[in-house]
Visitor: 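I'd like to ask you about the structure that follows.
Quick note on labels: first sequence line is chain A, next is B, and so on, each numbered from 1.
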Protein chains: 2
Amino acid sequence: MPRPSRASPDRILAAAAAEFARRGYSGARVDRIARRAGVNKAMLYYHFRSKQALYRTILGRVFRLAGERLQAIASSGLTPDAKIDRVIALIATFVRDHDFFPAIMLREIAERGAHLDRDTLAAMAVLPQSVARIVQEGVAERRFRPIDPLAAYFIMLPPILFYLAGAPIRKALSDRHVLNLPSIGPEAFVRCLQQSMRLALASTAQAPAEEQT
Amino acid sequence: MPRPSRASPDRILAAAAAEFARRGYSGARVDRIARRAGVNKAMLYYHFRSKQALYRTILGRVFRLAGERLQAIASSGLTPDAKIDRVIALIATFVRDHDFFPAIMLREIAERGAHLDRDTLAAMAVLPQSVARIVQEGVAERRFRPIDPLAAYFIMLPPILFYLAGAPIRKALSDRHVLNLPSIGPEAFVRCLQQSMRLALASTAQAPAEEQT
DNA sequence: GTCTATACTTCGATAGAC
DNA sequence: GTCTATCGAAGTATAGAC
């Protein structure tokens, strides 16, 4: 074997994820994906039925993986506060390992799930569900102020996705000498968001009966 | 005139905004835009040089308008707290009048401004700049806790954009019987986000010298 | 300003040899 | 499993009459 560090299907998936993230479903070109993967189009269509099937495979995988990890946090024995901290940190870590994730997520919201099937949509929906479950428990235990669980999800997750997805355009603004937006690093942003969420969710009447181990 | 409630260029712009929001730059079809506008392609190309020119016109307009309104709030005599409240309310109002805005914004972040020229990029950059200015003042006056101004922008704006842009996909999830995510209305979400931001930004040592009129 | 018809290009997908 | 060559559909843009 002339040094395929990964098998073809994996190389195709990786190339496709990058292409879909950068250009979107319609803007992505099958030729470019094949070339980046070091295969030709026929090979690509041999492993995947169609451009759409390739897209769904990628999104299904990433949503299921992220969903599993979120559910693991939600089901852990941590306090709601600690769970929220972990969720925010998890997303940042997850994006470090799957840098295509934020752009794809932003695009798919805007696309209204147009290219997805039921299963993939369901996998995507696990994200808000898991976070909402954590918040709901926190509110029930009076550790969080009364707040709509889904609203809390939308206050917590989009910032980190937007911030990470926005790095390239901030760099473009700077490179093209349009403007320099001095932005802090991902780790600092994570800490800032974690603290903001602690403050935003904290029950005004201090948490009752601290029954931690 | 056989009842063109608006002139052709305006009708084309409106149709194009809807198409670009729903399908993205690459997914948008000039034929569809022309048909929705009630003109033909030749007419469209008579008024606008190209698909790209049409796109830039729309984004330039909407970013400049939003930027002006944000700067008006930033330059007003309100307290930083009140300014933040107004900014959040403004975005919601703005989206009510320009329903294509959230999807286009999400897409353009993911696109890294690929289809934009310097002017349009600069107009887009006014949004974070205005908000960051407000936060910076609030921190300087010790009314806000010490927080990175751009980070505060990313904690404040993406939630409302995401929430509003996500309404269609939530409806799709519900219509296709995948899942019902019970979400509160836009007004309730605005109030929730406003309160969350007040809590997240509040200086721990109560605001000093309340010197309001 | 408005239309019909069409030129030119690109793209997703496949046929068929090896 | 892998390749070259190519088909047919769809897309942007324009020519030219009115």
Visitor: Nearest whole angstrom, please: distance from the P of dC3(C) to the NZ of K41(B).
Guide: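 To the nearest whole Å, that distance equals 14 Å.
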Visitor: Look at R29(A) and dG12(C) and indicate whether a side-chain polar atom (N or O) is within less than 4.0 Å of OP1 or OP2.
Guide: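 True: R29(A) side-chain N/O within range (under 4.0 Å) of dG12(C) OP1/OP2.
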Visitor: Nearest whole angstrom, please: distance from the P of dG12(C) to the CZ of R49(A).
Guide: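 Going from CZ in R49(A) over to P in dG12(C) covers 18 Å.
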Visitor: If I take atom CZ in residue R35(B) and atom P in nucleotide dT12(D), what distance separates them, rounded to the nearest angstrom?
Guide: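 Those two atoms, CZ and P, are 13 Å apart.
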Visitor: Could you tell me the separation between the CD atom of E19(B) and the P atom of dG11(D), rounded to a whole number of Å?
Guide: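 That distance rounds to 10 Å.
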Visitor: For DNA chain C, whose closest nucleotide is more 5', that of A28(A) or that of A42(A)?
Guide: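 It is A28(A) whose nearest nucleotide is closer to the 5' end.
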Visitor: Give a yes/no on whether any side-chain N or O of N40(B) is located under 4.0 angstrom from OP1 or OP2 of dT2(C).
Guide: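 N40(B) to dT2(C) OP1/OP2: no side-chain N or O under 4.0 Å.
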Visitor: Any base atoms under 4.0 Å from A34(A), or only sugar-phosphate, or nothing? Heavy atoms, all strands.
Guide: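 No contact.
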Visitor: Taking NZ from K51(A) and P from dA10(D), how many angstroms apart are they, rounded to a whole number?
Guide: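 Spelled out: NZ on K51(A) to P on dA10(D) is 14 Å.
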Visitor: Between Y46(B) and S26(A), which has a closest nucleotide on DNA chain C that is more 5'?
Guide: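 Comparing both residues, the 5'-ward one is Y46(B).
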Visitor: Any idea how F20(A) and Y25(A) line up, ring-wise: parallel (<30°), tilted (30 to 60°), or perpendicular (>60°)?
Guide: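 Correct class here is parallel.
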Visitor: Just how far, in rounded Å, is P of dT2(C) from CZ of F48(B)?
Guide: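 Going from CZ in F48(B) over to P in dT2(C) covers 12 Å.
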Visitor: Report yes or no: do R56(A) and S50(A) form a side-chain donor-acceptor pair below 3.5 Å?
Guide: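 Result is no, nothing qualifies.
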Visitor: Roughly, in whole Å, what's the span from CG in L44(A) to C1' in dC11(C)?
Guide: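 It is 13 Å, rounded to the nearest whole Å.
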Visitor: Which class fits the ring pair F189(A) and Y163(A): parallel under 30°, tilted 30 to 60°, perpendicular over 60°?
Guide: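 Because their plane-to-plane angle is under 30°, the rings of F189(A) and Y163(A) count as parallel.
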Visitor: Provide, to the nearest angstrom, the distance between the CE atom belonging to M43(A) and the C1' atom belonging to dA17(C).
Guide: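 Atom-to-atom, M43(A) to dA17(C), this comes out as 15 Å.
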Visitor: What orientation do H98(B) and F94(B) show, parallel under 30°, tilted 30 to 60°, or perpendicular over 60°?
Guide: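 Correct class here is parallel.
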Visitor: Looking across every strand, which nucleic acid part, if any, lies under 4.0 Å from D31(B) by heavy atom: base, sugar-phosphate, or nothing?
Guide: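 The answer is base, as D31(B) lies within the cut-off (heavy atoms under 4.0 Å) of a base atom.
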